[in-house]
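What follows is a single structure, written as structure tokens, with notes after it.
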Amino acid sequence: MLLQRSRARAAARARHAGEHTVNWADGRLPVSEGGGLLRKAFPEHWSFLLGEIALYSFVVLLLTGVWLTLFFKPSMTEVVYDGSYEPLLGMSMSEAYRSTLDISFDVRGGLLIRQVHHWSSLVFLSAIGVHLLRIFFTGAFRRPREVNWLIGVTLFVLALTEGFAGYSLPDDLLSGTGLRIAQGIMLSLPVVGTYISMFVFGGEYPGHDIVPRLYSVHILLLPALLVALVTAHLILVFYLKHTHWAGRGRTERNAVGKPMFPQFMTNSTGLFFMVFGLLTVLAAVAEINPIWTYGPYRPDVVSTGSQPDWYVGFLEGSLRLMPPFETAVAGHTVMWNVLVPAVLLPGALFAVLYAYPFFERWVTGDHEENHLCDRPRDRPVRTGLGVAAIVFYGVLLLAGGNDILAHTFHVSLNLLTWIFRVALVLTPPLAFVVTKRVCLALQERDRERLTEGEETGEVHQTLAGGYAESHAPLDPEERHVLRAHRQPEPLTPSAKEGDAPHVGRLRATLSEWYYGDRVEAGEPEPERAPERTPAKAAERDAYSGEPER
């Protein structure tokens with residue numbers, strides 16, 4: 001009895017202390033408001049993990065980057081190497097290159113951390129790219145998420161710049177060649193190119209200021225911008241709720257998935273450790289950026305077969321495919337063979353990415369809030385444009401290694417260059433046409449399944465003596481998914497208020513191009529509220545989430 005009473009008194013004191021602590025914190029912090037946040041619904045589909053992979057690889061980047069700053073010396077002061085890597089003993093090099101060698105060979109665990117950092121950067125950029133593709137193909141950039149799309153594209157641009165800055169810091173022969181190309185791109189800018197180059201490099205190339213300046217940008221400016229934009233991106237995700245795939249109980253007015261606590265937090269924590277572990281395994285078994293084999297950078301030396309990291313490979317390819325073309329205007333030479341592929345082309349590509357959500361909204365006239373993901377087959381033109389862009393990028397990426405491909409497959413470099421030039425013009429439109437036809441064929445197949453049912457593989461003889469295949473009714477869940485998306489009607493050629501007549505006709509023409517070819521699957525089935533038992537009625541509906549704003 002005494003033991004039970006003491007336990008009861010201890011439990012009462014613990015409850016009182018807990019209530020006091022919560023009340024104290026709630027008076028100073030938004031504790032009570034956080035209860036609803038912990039029940040936020042997160043979708044369960046695997047494609048929604050791509051953004052988390054990008055986030056967690058960024059966390060690994062920050063952790064390993066902080067460690068590397070303790071040993072790296074961002075100086076271009078010339079020193080003589082006397083470290084433990086014997087092939088470079090007695091060679092003159094910059095202090096930046098020397099400190100990178102020391103990290104790799106003389107600091108315990110340094111090479112592993114360096115390689116984890118490099119692999120993390122590649123995974124970070126890859127995950128952002130694939131995540132943007134998922135958002136594009138599913139239409140998750142539409143209202144009310146246009147601002148988050150702009151933030152995502154800006155994150156991708158900043159990540160590209162951050163990757164190139166970090167890649168250039170070791171001052172090895174390969175990264176120095178990349179900086180030399182970057183300086184040539186700056187010089188291609190009419191009138192101001194020389195001044196920009198002198199400002200960036202602190203004088204004539206290569207100067208002594210570029211590595212310290214890149215170091216400050218790499219560890220301070222760009223990481224701060226990335227952290228700020230990632231934070232803003234996550235805040236908007238929480239505020240606007242996630243999109244979700246069509247299904248029974250999923251509408252444009254709710255968010256369905258796992259509650260944030262404890263299911264999502266548990267799964268997400270496990271994903272973080274999986275990403276960290278896989279990056280560590282990659283760093284341990286797959287060598288990347290072995291700067292000791294390249295040697296220190298010398299302005300009079302260029303390494304044969306040098307290739308940048310994949311995320312700037314398309315720039316390398318565009319420079320190699322552009323024919324030599326220069327013009328002189330008012331005493332200034334305009335190098336079109338550098339300006340067009342390295343400045344105008346990437347500028348146009350990212351301008352299209354920024355503008356696309358607003359362009360599609362103008363063309364389609366869709367001003368409603370959209371919270372259900374599109375199946376790519378249901379938007380054949382958008383899907384075709386996305387595939388064409390991927391093919392365009394892939395051709396440029398392959399062209400960036402045309403010398404390696406020519407050497408490996410024993411073909412003429414000039415012939416291969418012309419093949420890539422022709423492919424750059426012809427394959428994107430071909431990819432668009434093929435993708436659009438495949439999407440329409442898949443829509444037709446879905447309509448057949450709705451009207452006839454699922455094929456069972458069983459064949460029976462008819463009364464007329466022929467043979468027919470039997471069909472089974474579709475599963476109600478799948479039937480609902482196939483009928484969930486309504487195909488919008490093309491806009492009529494009437495101008496909007498304030499638009500010129502020719503603008504209205506252009507808008508109607510583009511709208512017809514977007515939605516003219518389609519296969520109707522029938523009217524969507526009405527949503528029915530699921531019946532609840534009394535026990536579940538009192539329970540917080542964590543899996544259906546809060547209503548959308």
Side-chain angles (χ1 to χ4, degrees), residues 43 47 132-153 236-237 239-247 250-256 351-389 432 435-436 439-440 442-443 446 480-527 547-549:
S47 61
L132 284 173
L133 288 176
R134 197 276 299 177
I135 292 174
F136 177 83
F137 285 119
T138 62
F141 55 81
R142 295 170 297 171
R143 184 182 176 186
R145 298 176 179 83
E146 301 97 332
V147 174
N148 236 3
W149 169 265
L150 299 181
I151 291 175
V153 175
L236 286 178
V237 167
Y239 177 73
L240 299 173
K241 308 295 185 296
H242 281 81
T243 56
H244 51 193
W245 293 98
R250 303 178 185 183
T251 69
E252 299 282 9
R253 300 178 301 277
N254 66 351
V256 178
V352 169
L353 285 176
Y354 277 112
Y356 185 84
F358 309 98
F359 170 76
E360 182 174 305
R361 185 177 64 184
W362 178 74
V363 168
T364 61
D366 182 10
H367 295 279
E368 301 295 327
E369 290 195 0
N370 298 275
H371 304 296
L372 285 176
C373 291
D374 287 333
R375 294 189 310 165
R377 70 181 66 179
D378 294 328
R379 298 291 183 266
V381 172
R382 181 203 296 157
T383 304
L385 290 174
V387 173
F432 172 81
T435 302
K436 183 179 178 182
C439 289
L440 292 173
L442 291 173
Q443 289 184 34
D446 289 341
H480 179 89
V481 170
L482 294 181
R483 301 185 67 176
H485 297 281
R486 297 184 61 181
Q487 295 287 352
E489 293 287 341
L491 299 177
T492 57
S494 59
K496 288 176 59 181
E497 183 178 352
D499 284 351
H502 63 277
V503 175
R505 289 194 297 269
L506 174 62
R507 185 166 177 254
T509 302
L510 291 175
S511 181
E512 177 67 26
W513 177 58
Y514 255 75
Y515 294 131
D517 296 330
R518 57 198 180 143
V519 178
E520 293 290 353
E523 291 294 325
E525 297 177 351
E527 278 290 332
E548 286 286 351
R549 290 178 175 83

Under 3.5 Å: donor-acceptor pair, side chain of [X], backbone of [Y]:
X      : Y      : value
Trp149 : Phe136 : no
Thr509 : Arg505 : yes
Arg143 : His367 : yes

- What do the steps show when you test Phe432 against Val387 for side-chain contact (heavy atoms from CB on, under 4.5 Å), and what is the final call? CA-CA 6 Å; Phe432 172 81; Val387 173; over 6 Å; no
Drop me the distance from [X]'s [atom1] to [Y]'s [atom2], to the nearest 0.5 angstrom.
X      : Y      : atom1 : atom2 : answer
Arg361 : Tyr356 : CZ    : OH    : 13.5 Å
Lys241 : Leu236 : NZ    : CG    : 11.5 Å
Glu512 : Leu491 : CD    : CG    : 10.0 Å
Tyr514 : Asp366 : OH    : CG    : 11.5 Å
Arg379 : Leu385 : CZ    : CG    : 13.5 Å

- Task: Take His244 and Leu372, measure what side-chain contact (heavy atoms from CB on, under 4.5 Å) needs, and give me the verdict at the end.
- Result: CA-CA 5 Å; His244 51 193; Leu372 285 176; 3.4 Å; yes
Where do [X] and [Y] come nearest, in terms of heavy atoms and distance?
X      : Y      : value
Ala140 : Arg134 : CB-NH1, 4.3 Å
Trp513 : Lys436 : O-NZ, 4.2 Å
Tyr354 : Leu150 : O-CD2, 3.4 Å
Pro490 : Ser511 : CA-OG, 3.4 Å
Phe141 : Arg382 : CZ-NE, 3.8 Å
Pro357 : Glu146 : CB-CG, 4.3 Å

- Query: Testing Thr138, Asp446, Thr383 for side-chain hydrogen bond (donor to acceptor under 3.5 Å, both in side chains) with Arg375, which one passes?
  - Reply: Asp446
- Query: If we ignore angles and hydrogens, is there a donor and acceptor under 3.5 Å between the side chains of Arg145 and His242?
  - Reply: no
- Query: Given Val352 and Phe359, is the side-chain contact (heavy atoms from CB on, under 4.5 Å) satisfied, shown in steps?
  - Reply: CA-CA 9 Å; Val352 169; Phe359 170 76; over 6 Å; no
- Message: As a quick check of understanding, evaluate side-chain contact (heavy atoms from CB on, under 4.5 Å) for Trp362 and Val503, giving each step before the final call.
- Response: CA-CA 11 Å; Trp362 178 74; Val503 175; 3.8 Å; yes
